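Both backbone and side-chain heavy atoms feed into the values below; hydrogens, waters and symmetry mates do not. What you see is a predicted model, and the numbers here were worked out from it, not measured in a lab.
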Amino acid sequence: MVSEYLKQHTVAYHDAAEKLFNSKKIFDKTFTLEDYKKIISTNYLMLLHSEDKIFQSLSGELAGKLQLEDRKKLPLIEKDLASLSLENKAASHDLEFTGENEALGALYVIEGSTLGGNVIAKQLSKTEGFDGITFNFFGCYRENTGPMWKSFKEVLDTEVDEQNYDEVLSGAKKLYNFLLNVN
């Protein structure tokens, strides 16, 4: 299954992202509003430069199976930017995907961040200094987070043939590298 392949082969990227964003501070309640602004700004740039490209790379049939209309996150994170009084900015480098398989790999990273984001939103909502924060991006699926992740993985595992695993992994790595190096 490609979802397991991706999980195994992107663990170093995932760990690097957690380190970049000081994720351990979330659980010991030392995460600050400035830390949160950094994670929102960086994820905004990732979505700004990837979401439309990913969606346009997927066939209409696959888009339907993935319920892409329900997976749009850019408008949600733009609400977070506005509520935090952060300015929209452009990335220092560009991002391109070569085909549907790379786009699926990139979408894996975004959907995985949503899964983790739900946990982040729950933790931060109990942390001092986060009163009034809406968590539009991190809480986007609310109680449907588990089912949305499960349906995404099912489509991914059903639609991707084993000979294409490396292309999907390439897309995931591209998006992780962008996320880790954007400023």
Side-chain angles (χ1 to χ4, degrees), residues 14 17-18 20-21 23 26 31 33-97 99-100 102-125 127 129-156 171-172 174-183:
H14 180 268
E18 286 195 341
L20 175 68
F21 296 125
S23 296
I26 294 168
F31 201 74
L33 195 54
E34 287 307 308
D35 291 325
Y36 182 66
K37 287 179 178 181
K38 177 183 178 182
I39 202 171
I40 291 298
S41 292
T42 306
N43 276 282
Y44 164 73
L45 288 172
M46 175 190 69
L47 289 169
L48 178 68
H49 291 272
S50 68
E51 190 172 78
D52 285 345
K53 291 175 183 178
I54 291 167
F55 286 21
Q56 291 167 6
S57 296
L58 300 174
S59 70
E61 180 185 346
L62 195 53
K65 289 178 183 179
L66 288 167
Q67 304 163 288
L68 278 190
E69 283 303 310
D70 297 334
R71 295 185 187 277
K72 287 186 178 180
K73 296 177 185 65
L74 187 58
L76 299 172
I77 204 163
E78 286 173 338
K79 287 180 185 178
D80 289 333
L81 278 179
S83 73
L84 295 167
S85 301
L86 295 172
E87 63 183 60
N88 296 9
K89 57 183 185 177
S92 54
H93 54 283
D94 206 16
L95 181 64
E96 294 295 329
F97 302 106
E100 195 166 68
E102 278 198 356
L104 284 170
L107 190 56
Y108 170 85
V109 175
I110 293 172
E111 288 301 308
S113 74
T114 303
L115 190 63
N118 192 48
V119 175
I120 291 169
K122 285 179 183 175
Q123 281 298 122
L124 292 181
S125 67
T127 301
F130 287 88
D131 303 335
I133 300 294
T134 53
F135 304 109
N136 293 292
F137 170 61
F138 282 136
C140 68
Y141 295 149
R142 309 256 183 257
E143 67 278 351
N144 294 320
T145 302
M148 288 294 282
W149 174 247
K150 185 179 178 198
S151 71
F152 172 74
K153 278 188 10 175
E154 284 174 3
V155 172
L156 193 65
K174 277 184 182 181
L175 194 57
Y176 265 124
N177 279 320
F178 184 86
L179 181 69
L180 293 168
N181 294 297
V182 73
N183 50 29

Chemist: Rounded to the nearest 0.5 Å, what separation is found between the CG atom of Leu47 and the CG atom of Leu76?
Modeler: 9.0 Å
Chemist: Once salt bridge (charged side-chain N to carboxylate O under 4.0 Å, His left out) is applied, do any residues pair with Asp35, and if so which ones, sequence neighbours excluded?
Modeler: Lys25
Chemist: Say you draw a straight line from CD1 of Ile133 to CG of Leu84; how long is it, rounded to the nearest 0.5 Å?
Modeler: 5.0 Å
Chemist: For side chain to side chain contact (heavy atoms under 4.5 Å, CB included), just list the numbers for Tyr44 and Leu74, CA-CA rounded to whole Å, side-chain angles, deciding distance to a tenth of an Å, and then say yes or no.
Modeler: CA-CA 7 Å; Tyr44 164 73; Leu74 187 58; 3.9 Å; yes
Chemist: Compare every heavy atom of Ser50 with every heavy atom of Leu95, then report the nearest pair and how far apart it is.
Modeler: CD2-CB, 3.6 Å
Chemist: Write down the atom of Phe55, the atom of Leu68, and the distance for their closest heavy-atom approach.
Modeler: CE2-O, 3.6 Å
Chemist: Excluding sequence neighbours, so at least two apart, what forms ring-ring contact (aromatic ring centres under 6.0 Å, His included) with Tyr141?
Modeler: none
Chemist: Using salt bridge (charged side-chain N to carboxylate O under 4.0 Å, His left out) as the criterion, list what pairs up with Glu87, not counting sequence neighbours.
Modeler: none
Chemist: Residues two or more places apart in sequence or in another chain: which of them pass ring-ring contact (aromatic ring centres under 6.0 Å, His included) with Tyr176?
Modeler: Tyr13
Chemist: Does Ser125 have any side chain to side chain contact (heavy atoms under 4.5 Å, CB included) partners at least two apart in sequence or in another chain, and if so, which?
Modeler: Phe135
Chemist: List the atom of Ala103, the atom of Ser57, and the distance in Å for their closest heavy-atom pair.
Modeler: CB-CB, 3.6 Å
Chemist: Atom CG in Leu48, atom OG in Ser41: separation rounded to 0.5 Å?
Modeler: 12.0 Å
Chemist: From Ile77 CD1 over to Lys79 NZ, what is the distance, rounded to the nearest 0.5 angstrom?
Modeler: 12.5 Å
Chemist: Apply side chain to side chain contact (heavy atoms under 4.5 Å, CB included) to residues Asn144 and Asp70 and explain how you reach the verdict.
Modeler: CA-CA 11 Å; Asn144 294 320; Asp70 297 334; over 6 Å; no
Chemist: Test: salt bridge (charged side-chain N to carboxylate O under 4.0 Å, His left out). Region: residues 46-57. Which pairs qualify, not counting sequence neighbours?
Modeler: Lys53-Asp94, Lys53-Glu96
Chemist: Measure across Leu175 and Ala106 and return the closest heavy-atom pair with its distance rounded to 0.1 Å.
Modeler: CD2-O, 3.2 Å
Chemist: To the nearest 0.5 angstrom, please state how far the OG atom of Ser113 sits from the CE atom of Met46.
Modeler: 4.5 Å
Chemist: Nearest heavy-atom pair of Thr114 and Cys140: which atoms, and what distance?
Modeler: CG2-SG, 3.4 Å
Chemist: Show me the donor-acceptor pairs within less than 3.5 Å that the side chains of residues 146-153 make with the rest of the protein, sequence neighbours left out.
Modeler:
from, atom 1, to, atom 2, distance (Å)
Ser151, OG, Arg71, NH2, 3.0
Ser151, OG, Pro147, O, 3.4
Ser151, OG, Met148, O, 3.1

Chemist: Quick one: does any side-chain atom of Thr42 pair with a main-chain N or O of Ile39 as donor and acceptor, under 3.5 Å?
Modeler: no
Chemist: Listed by chain and number, what are the side chain to side chain contact (heavy atoms under 4.5 Å, CB included) partners of Ser59, not counting sequence neighbours?
Modeler: Glu61, Leu62, Glu100
Chemist: Would you please name every residue forming a salt bridge (charged side-chain N to carboxylate O under 4.0 Å, His left out) with Lys72, sequence neighbours left out?
Modeler: Glu69
Chemist: Which residues satisfy the ring-ring contact (aromatic ring centres under 6.0 Å, His included) test with Phe130, sequence neighbours excluded?
Modeler: Tyr36
Chemist: Taking the side chain as C-beta and beyond, is there a heavy-atom pair between Phe21 and Leu179 under 4.5 Å?
Modeler: yes
Chemist: Among residues at least two apart in sequence or on other chains, which ones pass side chain to side chain contact (heavy atoms under 4.5 Å, CB included) with Asn118?
Modeler: Lys122, Thr145
Chemist: Please name the pair of heavy atoms, one in Ile110 and one in Lys73, separated by the smallest distance, quoted to 0.1 Å.
Modeler: CG2-CD, 3.9 Å
Chemist: Are any of the side-chain heavy atoms of Asn43 and Asp80 separated by less than 4.5 Å?
Modeler: no
Chemist: For Glu34, what residues pass the side chain to side chain contact (heavy atoms under 4.5 Å, CB included) criterion, not counting sequence neighbours?
Modeler: Thr32, Lys37
Chemist: Quick check for you: to the nearest 0.5 Å, what is the distance between Ile40 atom CD1 and Asn136 atom CG?
Modeler: 8.5 Å
